[in-house]
Amino acid sequence: MRILKNKILTTDFFNQATLLVTQKLLGKFLVRKIKNQTISFMITEVEGYDGPNDLACHACKGKTKRNEVMFSQAGHFYTYLIYGMYWMLNIVTGPEDYPAAILIRGTKEIVGPGRLTKQLKIDKSFNNKLATPENNLWFEDRGIKVYKKNILQTPRIGVSYAGPIWSIKPYRFILKT
DNA sequence: ACGATGATGAAC
DNA sequence: TTCATCATCGTA
């Protein structure tokens with residue numbers, strides 16, 4: 001009998017074309033360790049924010065203190081506060097100096113980006129941290145095969161400010177369950 | 001349908 | 001220094 005080892009996703013995985021990684025994240029697991037409890041969630045909803053030309057991407061107007069982590073090496077977390085209440089969890093993708101990231105919007109267990117971070121106790125302390133077990137928050141491939149026919153592709157949520165072209169780009173991917 | 005609630009960045 | 005804007009959610 002073959003023993004499948006859960007593979008931790010590192011910089012190599014995230015340092016690929018953002019939209020490719022975005023789709024590949026479906027069916028992967030977000031793992032969170034709090035004290036001695038380790039809990040994991042299967043990712044089912046994500047959105048890609050891809051580079052300086054993407055007007056929905058926070059970094060499209062250049063580097064600022066808030067978004068500077070998007071320009072760093074792939075595999076870092078980008079967290080920020082929205083609506084004065086909710087932390088958004090993103091994972092940086094692509095090569096250094098190319099600002100891109102993926103917003104984790106939902107899992108099989110918890111749907112909604114704000115709910116997810118609330119329940120997993122994710123806040124600004126994760127910003128700029130690498131996705132590793134040492135930082136108590138990371139991603140794993142557990143060998144789940146995702147078929148294209150089970151992926152739903154739609155425009156991103158809440159980005160009407162990005163204009164007629166970029167607000168309707170179908171960069172949101174949902175895994176049908 | 002709307003209010004909560006505060007960081008951000010751009011205008012002044 | 002002020003102000004509109006937000007990658008949302010829970011309560012109606």
Side-chain angles (χ1 to χ4, degrees), chain A residues 9 13-14 16-30 32 34 39 41-94 97-131 137-139 151-177:
Chain A
L9 301 177
F13 175 82
F14 294 105
Q16 305 179 73
T18 299
L19 293 182
L20 181 66
V21 183
T22 308
Q23 293 177 70
K24 283 187 174 181
L25 263 187
L26 293 174
K28 302 295 190 290
F29 285 77
L30 178 66
R32 174 77 165 109
I34 301 177
I39 41 183
F41 305 86
M42 189 175 78
I43 296 166
T44 54
E45 186 180 345
V46 286
E47 281 178 7
Y49 290 85
D50 189 19
N53 298 323
D54 180 354
L55 296 184
C57 179
H58 279 175
C60 70
K61 289 182 179 161
K63 195 185 282 189
T64 67
K65 190 151 199 176
R66 176 168 73 151
N67 67 31
E68 66 180 351
V69 65
M70 293 182 90
F71 292 79
S72 71
Q73 188 189 48
H76 286 270
F77 289 116
Y78 169 39
T79 62
Y80 65 91
L81 191 66
I82 192 67
Y83 302 127
M85 251 184 247
Y86 296 101
W87 290 97
M88 297 289 107
L89 175 66
N90 302 254
I91 183 78
V92 174
T93 57
D97 292 324
Y98 183 84
I102 297 164
L103 170 66
I104 312 297
R105 292 189 55 88
T107 64
K108 189 180 165 79
E109 298 79 3
I110 305 172
V111 176
R115 291 177 180 169
L116 187 70
T117 53
K118 190 176 169 191
Q119 295 201 36
L120 299 201
K121 302 194 193 312
I122 292 168
D123 59 20
K124 62 172 181 273
S125 68
F126 287 89
N127 193 43
N128 239 312
K129 294 272 196 336
L130 272 174
L137 185 63
W138 69 97
F139 297 91
I151 296 179
L152 202 63
Q153 196 172 358
T154 82
R156 292 170 291 187
I157 299 295
V159 293
S160 53
Y161 61 88
I165 297 181
W166 289 96
S167 63
I168 62 168
K169 290 274 185 190
Y171 289 179
R172 176 175 178 234
F173 300 90
I174 300 168
L175 178 59
K176 290 189 260 182
T177 47

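Residue numbering restarts at 1 for every chain, and letters A, B, ... go by the order of the sequence lines.
When atom types are taken as modelled, the side chain of A:N67 and the backbone of A:T64 share a donor-acceptor pair closer than 3.5 angstrom. Between the side chain of A:R32 and the main chain of A:K121, a donor-acceptor pair closer than 3.5 Å is present.
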- Message: Please encode protein proximity along nucleotides 7-12 of chain B as a string of B, S and -, counting only heavy-atom distances under 4.0 Å.
- Response: -SSS--
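Taking A:S160 as the reference, nothing meets the side-chain hydrogen bond (donor to acceptor under 3.5 Å, both in side chains) condition, with sequence neighbours excluded. Remark: A:F126 pairs with no residue by the ring-ring contact (aromatic ring centres under 6.0 Å, His included) rule, at least two apart or across chains.
To the nearest 0.5 Å, the span separating CZ on A:R115 from OH on A:Y86 amounts to 9.0 Å.
Looking at heavy-atom distances under 4.0 Å, A:M85 makes contact with a base. The residue A:L103 sits close to a base: some heavy atom pair falls under 4.0 Å.
The side-chain heavy atoms of A:M70 and A:C57, taken from C-beta on, include a pair separated by under 4.5 Å. Using a 4.5 Å cut-off on side-chain heavy atoms (C-beta onward), A:L25 and A:F14 make contact.
The shortest non-hydrogen separation linking A:A162 to A:S167 is CB-N, 4.0 Å. Considering every non-hydrogen atom in both A:N127 and A:V69, the closest pair reads OD1-CG1, 3.6 Å.
Comparing the P positions of B:dT5 and C:dT2 gives a spacing of 22 Å, expressed to the nearest Å.
If you take CZ of A:R172 and C1' of C:dT8, they are 13 Å apart, rounded to a whole angstrom. Atoms CD (A:Q119) and P (C:dT8) sit 17 Å apart, rounded to a whole Å. Here the P atom of nucleotide C:dC6 and the CZ atom of A:R156 are 14 Å apart, to the nearest Å. Put simply, CD on A:E47 is 14 Å from C1' on C:dC6, counting in whole angstrom units. At whole-Å resolution of the value, CH2 in A:W87 and P in C:dC9 are 15 Å apart.
For C:dT8, the OP1/OP2 oxygens have no side-chain nitrogen or oxygen of A:Y86 closer than 4.0 Å.
In the region residues 105-116 of chain A, proximity to DNA chain B at under 4.0 angstrom, judged on heavy atoms, holds for none of the residues.
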Distance-only donor-acceptor hits, side chain of residues 97-105 of chain A, under 3.5 Å, sequence neighbours excluded:
{"from": "A:Y98", "atom 1": "OH", "to": "A:D50", "atom 2": "OD1", "distance (Å)": "3.0"}
{"from": "A:R105", "atom 1": "NE", "to": "A:E45", "atom 2": "OE2", "distance (Å)": "2.8"}

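Ring geometry for A:F139 against A:F77 counts as tilted: the plane angle lies between 30° and 60°, on a 0 to 90° scale.
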- Task: Both distances under 3.5 Å, Watson-Crick or G-U wobble: on that basis, could you give the dot-bracket string for DNA chain C, with [ ] for crossing pairs and | for other-strand partners?
- Result: ||||||.||||.
